[in-house]
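Shown next, in structure tokens, is the structure this report addresses.
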Amino acid sequence: MAANDTRRRVGNCTVSSTGILFISIYIFTFIIFFLTGKEEVKANPDLRNEYEKEIENNGFRTSTEGMTVEEVEDYLLVVRDCLRYDKQDNNNPFVPIMDKLYQLYMGEEVGHSFRVNQQKGDVFIGTVICSHYGDYILPYHFRGLVPEQTTFEFIIKKNWEIEVLDDTVNSAEPDYLVTFPRQMSYHMNDYTIQEYESSWTDEESGMEFKITYPFLVEAGEETWNKWEAVNASIRDVSALWMLELEKTGPDVVEITYSIKTLDDELYSILFTGKGKEDTYQFGATVLLRTGEILLFDAISEIEYGNDIVFSDYDYYIMNRRIYVIGLDGGTAYNGRLEYQPYHWETKVEEIYDDTGVMIGAVSFKYPVLDSDDSGAKAVNSSIVKDVEQFYEEIMDTFTQAALKAADYVRDLYHQGGQEEYEHNMNLWNEWGGNYGLFISGSIVKNNYGKFGIKYELSGTGMQSEYAEESICIYQLKDGEILEGKEYFDEMVKNIYSSCETSR
């Protein structure tokens with residue numbers, strides 16, 4: 001993903017952008033860490049400060065010799081915090097634990113805590129407790145405010161090597177989020193495929209689903225799977241199908257797969273589930289460059305009656321042809337796929353006050369077509385021009401609104417005393433201020449010579465929270481806008497209105 005770094009002067013202070021920062025991600029990540037901290041062990045602050053200085057000056061320890069259980073636990077907490085902010089540090093002893101969390105949850109945000117429980121000879125034994133806070137697909141079961149938890153154990157060897165004990169993984173209940181690798185792996189079209197499996201039981205009907213996934217993996221990788229987003233999308237669309245299937249009663253449905261397309265751009269899979277009497281089918285088609293599900297509406301031109309609705313798991317792609325899966329389990333040809341590959345770029349402009357404190361930011365995520373033909377270049381040119389003009393139109397007004405909002409928040413912080421004020425301001429600055437505007441994009445049309453984008457505007461920190469959607473559809477032949485010619489003016493008008501409301 002590319003980013004455009006910008007500089008902006010506010011008052012008498014000039015500062016530079018630090019890169020692509022989504023304040024919404026900041027806030028969500030902060031909440032995760034905050035919740036995690038509530039579950040964390042009570043560490044010795046002084047000891048942790050010593051360990052932080054030691055790691056900064058000398059790197060990670062090479063031996064646990066002479067350390068107590070409590071000291072190992074405190075040191076490991078600092079090691080874990082190092083990894084939070086530097087995910088490429090493969091010398092970090094905590095890497096195997098994060099790898100296991102990513103393996104189980106396919107990269108989803110998880111809160112986790114751990115305890116180092118005991119020492120046996122030269123080996124220390126610990127337990128990880130992890131909870132998933134972002135399950136937006138399947139209904140979640142809570143005990144109070146704490147989600148169900150998955151646990152596993154690990155050992156710390158004398159040389160600070162950490163080994164996760166795979167056979168100790170215990171999921172609180174069968175859950176589609178937790179995926180376990182099988183022994184089966186193979187190569188196909190220059191890709192390495194590792195089979196994973198998970199299960200989920202619908203409590204109301206008693207129907208149980210056992211599914212095998214063909215996830216893509218990178219040979220020899222040690223951490224943060226390259227295909228994490230692709231695999232998570234396959235899992236998520238499968239979960240949607242399981243959730244929305246009309247369940248007839250107690251049954252065990254064993255779901256296998258058949259790969260229909262795996263090339264440089266698309267990965268399309270047909271899943272088949274067999275129960276005691278019935279057979280079920282659904283598809284998962286993912287864009288390899290972005291990890292997104294290829295939406296059925298984006299590639300279909302056929303207008304169906306209101307009584308016939310196809311979902312994003314009701315089709316698959318084979319030989320660049322679209323096949324729709326019918327309610328009777330049969331498939332029907334639905335047209336050719338003239339898909340245009342693309343990737344996403346993000347422009348971010350941060351807002352600072354005259355003291356150098358970051359008070360907010362505006363981020364704009366937009367697509368870039370990867371084709372070199374003239375039509376694609378014309379579309380790209382039009383999109384980039386609109387993005388640049390958007391910033392020119394709204395930044396002065398938005399900055400003034402952000403400054404006023406920051407003054408209001410500062411007054412609230414001051415009411416808690418100087419110590420609380422400084423604490424909150426440090427967090428505020430670290431996580432990107434409290435005032436933000438986010439323009440996210442999704443593709444709603446990508447076939448038959450059309451390329452359509454839905455832009456969604458959302459804001460945080462305003463007295464009037466808002467979210468607006470605008471759609472623009474281009475003709476790929478020459479870049480002409482076919483639908484939504486007023487989308488840009490509408491976006492700017494909505495921002496002016498929201499800024500005025502929040503003053």
Side-chain angles (χ1 to χ4, degrees), residues 26 28-105 107-133 146 149-170 221-225 422-423 426-427 430-431:
Y26 290 160
F28 179 74
T29 307
F30 171 71
I31 291 172
I32 294 299
F33 290 166
F34 175 77
L35 291 172
T36 301
K38 291 297 184 180
E39 298 178 345
E40 201 58 271
V41 296
K42 294 182 179 179
N44 183 325
D46 294 333
L47 197 56
R48 291 192 67 188
N49 289 336
E50 288 182 19
Y51 290 153
E52 288 174 358
K53 294 176 183 177
E54 176 189 329
I55 292 172
E56 183 177 354
N57 295 328
N58 304 318
F60 299 116
R61 288 193 177 188
T62 58
S63 174
T64 62
E65 186 173 358
M67 299 180 72
T68 66
V69 169
E70 291 76 16
E71 289 171 337
V72 167
E73 190 171 76
D74 281 322
Y75 186 78
L76 193 58
L77 282 168
V78 177
V79 169
R80 189 278 307 275
D81 289 343
C82 292
L83 192 57
R84 279 177 174 169
Y85 303 107
D86 185 6
K87 294 185 177 181
Q88 302 305 316
D89 191 348
N90 291 331
N91 292 322
N92 190 309
F94 203 79
V95 166
I97 292 177
M98 289 304 300
D99 280 351
K100 175 56 64 174
L101 288 168
Y102 268 61
Q103 182 186 80
L104 292 173
Y105 287 92
E108 294 286 335
E109 291 288 350
V110 291
H112 65 277
S113 61
F114 64 85
R115 293 299 303 263
V116 178
N117 304 315
Q118 58 181 309
Q119 180 180 7
K120 290 187 177 181
D122 290 337
V123 172
F124 292 87
I125 302 174
T127 301
V128 173
I129 303 172
C130 47
S131 305
H132 183 270
Y133 291 97
V146 181
Q149 297 172 324
T150 297
T151 64
F152 57 85
E153 295 181 358
F154 62 96
I155 60 174
I156 305 172
K157 300 179 182 178
K158 187 176 180 179
N159 63 354
W160 262 110
E161 177 184 346
I162 292 180
E163 179 182 340
V164 173
L165 305 177
D166 287 343
D167 58 354
T168 66
V169 176
N170 179 31
E221 66 181 343
E222 296 179 354
T223 185
W224 287 279
N225 195 332
E422 292 178 358
H423 172 73
N426 287 335
L427 291 176
E430 183 177 356
W431 301 109

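Just so you know, these numbers come straight off a predicted model, no measurement behind them. Just so it is clear, the values below take in all heavy atoms, side chains as well, and ignore hydrogens, waters and symmetry mates.
- Taking Thr168 as the reference, nothing meets the side-chain hydrogen bond (donor to acceptor under 3.5 Å, both in side chains) condition, with sequence neighbours excluded.
- Looking at residues two or more places apart in sequence or on another chain, you find a side-chain hydrogen bond (donor to acceptor under 3.5 Å, both in side chains) between Glu422 and Gln418.
- Looking at Glu73, its side chain does come within 3.5 Å of a backbone N or O of Val116 through a donor-acceptor pair.
- With sequence neighbours excluded, no residue satisfies salt bridge (Lys or Arg N to Asp or Glu O under 4.0 Å) with Glu70.
- Taking Glu161 as the reference, nothing meets the side-chain hydrogen bond (donor to acceptor under 3.5 Å, both in side chains) condition, with sequence neighbours excluded.
- Ile55 places a side-chain heavy atom less than 4.5 Å from the side chain of Phe60.
- Between Leu165 and Phe152 there is no side-chain heavy-atom pair separated by less than 4.5 Å.
- A distance of 9.0 Å separates CZ of Arg115 from CD1 of Ile129, quoted to the nearest 0.5 Å.
- A donor-acceptor pair is defined here as one N or O able to donate and one able to accept, closer than 3.5 Å; such a pair exists between the side chain of Gln119 and the backbone of Gly121.
- Listed by chain and number, the residues in a salt bridge (Lys or Arg N to Asp or Glu O under 4.0 Å) with Glu71 amount to none (sequence neighbours excluded).
- Residues that satisfy the salt bridge (Lys or Arg N to Asp or Glu O under 4.0 Å) test with Lys53, not counting sequence neighbours, are absent from this structure.
- Residues passing the side chain to side chain contact (heavy atoms under 4.5 Å, CB included) test with Asp122, sequence neighbours excluded: Lys158.
- To the nearest 0.5 Å, atom SG of residue Cys82 and atom CG of residue Leu77 are 11.0 Å apart.
- The two atoms that bring Gln118 and Val69 nearest to each other are C-CG2, 4.0 Å, heavy atoms only.
- Applying the side-chain hydrogen bond (donor to acceptor under 3.5 Å, both in side chains) criterion to Asn117, with sequence neighbours excluded, gives Thr127.
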(request) Walk me through it: do Asp99 and Val164 pass the test side-chain contact (heavy atoms from CB on, under 4.5 Å)? (result) CA-CA 9 Å; Asp99 280 351; Val164 173; over 6 Å; no

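- Note: Asn92 CG to Met98 CE = 10.0 Å, rounded to the nearest 0.5 Å.
- Annotation: ring-ring contact (aromatic ring centres under 6.0 Å, His included) contacts of Tyr51 (sequence neighbours excluded): Tyr75.
- Listed by chain and residue number, Arg61 satisfy the salt bridge (Lys or Arg N to Asp or Glu O under 4.0 Å) test with Glu54 (two or more places apart in sequence, or in another chain).
- Using a 4.5 Å cut-off on side-chain heavy atoms (C-beta onward), Phe124 and Ile162 make no contact.
- One finds the CZ atom of Phe94 at 9.5 Å from the CD1 atom of Ile156 (value rounded to the nearest 0.5 Å).
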